[in-house]
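The structure displayed is predicted, hence computed values, not measured ones.
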Amino acid sequence: MDREPRTTNVPVNMYRTEDRLMVAALMPGLQPDDISIDVGADGQLQLRGELRGRLKDWKDVLQEEWQAGGSQRTLDLPVAVDGAAGRATYENGVLVVVLPVAPALVAGRFAPSPGQGH
């Protein structure tokens, strides 16, 4: 059952307070080290995850309704944020990204830490 690797579109909710932009994304089955978060100079937030296929080489597939592969979502940011000061947590399959609102966009890249309760 050879298939091309899939990329899953990550569903998100976006919230804003006066001083923060928050994005909650469903990314089940990952570890914090499997996720990367980029705030680009183009004003986009990119979330990426890679679910590894741990059993791929030593089993016969009898039924496969989900598979390992990438997950990704690119969002246009509605306000300027400081990506270098961004933080994220990942717990129970939910990634929560918190970006400070800023006078001008600052690009940045970071990974989530394990959550302590959102």
Side-chain angles (χ1 to χ4, degrees):
M1 213 181 227
D2 288 338
R3 292 185 187 169
E4 289 294 313
R6 279 188 340 182
T7 299
T8 303
N9 193 38
V10 176
V12 300
N13 290 338
M14 188 181 298
Y15 309 93
R16 181 179 175 192
T17 65
E18 188 175 318
D19 60 345
R20 292 187 293 181
L21 183 70
M22 293 160 284
V23 175
L26 292 179
M27 299 179 83
L30 303 175
Q31 298 296 318
D33 292 346
D34 298 331
I35 300 170
S36 66
I37 303 154
D38 288 291
V39 176
D42 58 359
Q44 291 188 324
L45 172 65
Q46 190 166 68
L47 310 174
R48 284 190 216 103
E50 189 67 34
L51 180 60
R52 299 179 196 131
R54 292 185 174 90
L55 305 175
K56 280 281 188 212
D57 296 331
W58 61 273
K59 47 88 175 124
D60 292 326
V61 176
L62 302 177
Q63 183 169 336
E64 188 173 65
E65 294 180 5
W66 62 271
Q67 62 182 343
S71 54
Q72 179 174 313
R73 183 68 183 263
T74 301
L75 301 165
D76 291 324
L77 294 168
V79 296
V81 298
D82 184 348
R87 300 290 174 257
T89 58
Y90 179 75
E91 183 175 32
N92 295 328
V94 179
L95 174 69
V96 176
V97 179
V98 179
L99 299 162
V101 173
L105 180 72
V106 177
R109 174 180 284 173
F110 52 99
S113 59
Q116 305 283 319
H118 296 299

Evaluate the criterion side-chain contact (heavy atoms from CB on, under 4.5 Å) for residue pair M27 and V94; output intermediate values, then yes/no.
CA-CA 6 Å; M27 299 179 83; V94 179; over 6 Å; no
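Considering all non-hydrogen atoms of both residues, L30 and S71 come closest at CD1-OG, 4.2 Å. For G70 against E50, the heavy-atom pair with the smallest separation is CA-OE1, 3.5 Å.
One hydrophobic cluster, built from ILVMFWY side chains closer than 4.5 Å, cannot hold both L99 and V106; they sit in different ones.
Put simply, the side chain of P78 reaches to within 4.5 Å of the side chain of M14, judged on heavy atoms. Side-chain contact between V23 and N13 is absent, with no heavy atoms from C-beta onward closer than 4.5 Å. Taking 4.5 Å as the limit, some side-chain heavy atom of I37 sits within range of a side-chain heavy atom of P112. Annotation: side chain of D38 is not in contact with side chain of Q44 (no heavy-atom distance under 4.5 Å). Contact of the L47 side chain with the V12 side chain is registered, since non-hydrogen atoms from C-beta on lie closer than 4.5 Å.
Put simply, CG on L77 and OG1 on T74 are 10.5 Å apart, with the number rounded to the nearest 0.5 Å. The CG atom of L26 sits 11.0 Å away from atom CZ of R73, with the distance rounded to the nearest 0.5 Å. One finds the CG atom of D42 at 8.0 Å from the CG atom of D76 (value rounded to the nearest 0.5 Å).
No side-chain donor-acceptor contact under 3.5 Å links Y90 to the backbone of D33. In terms of modelled atom types and a separation under 3.5 Å, the side chain of Y15 and the main chain of R20 share no donor-acceptor contact.
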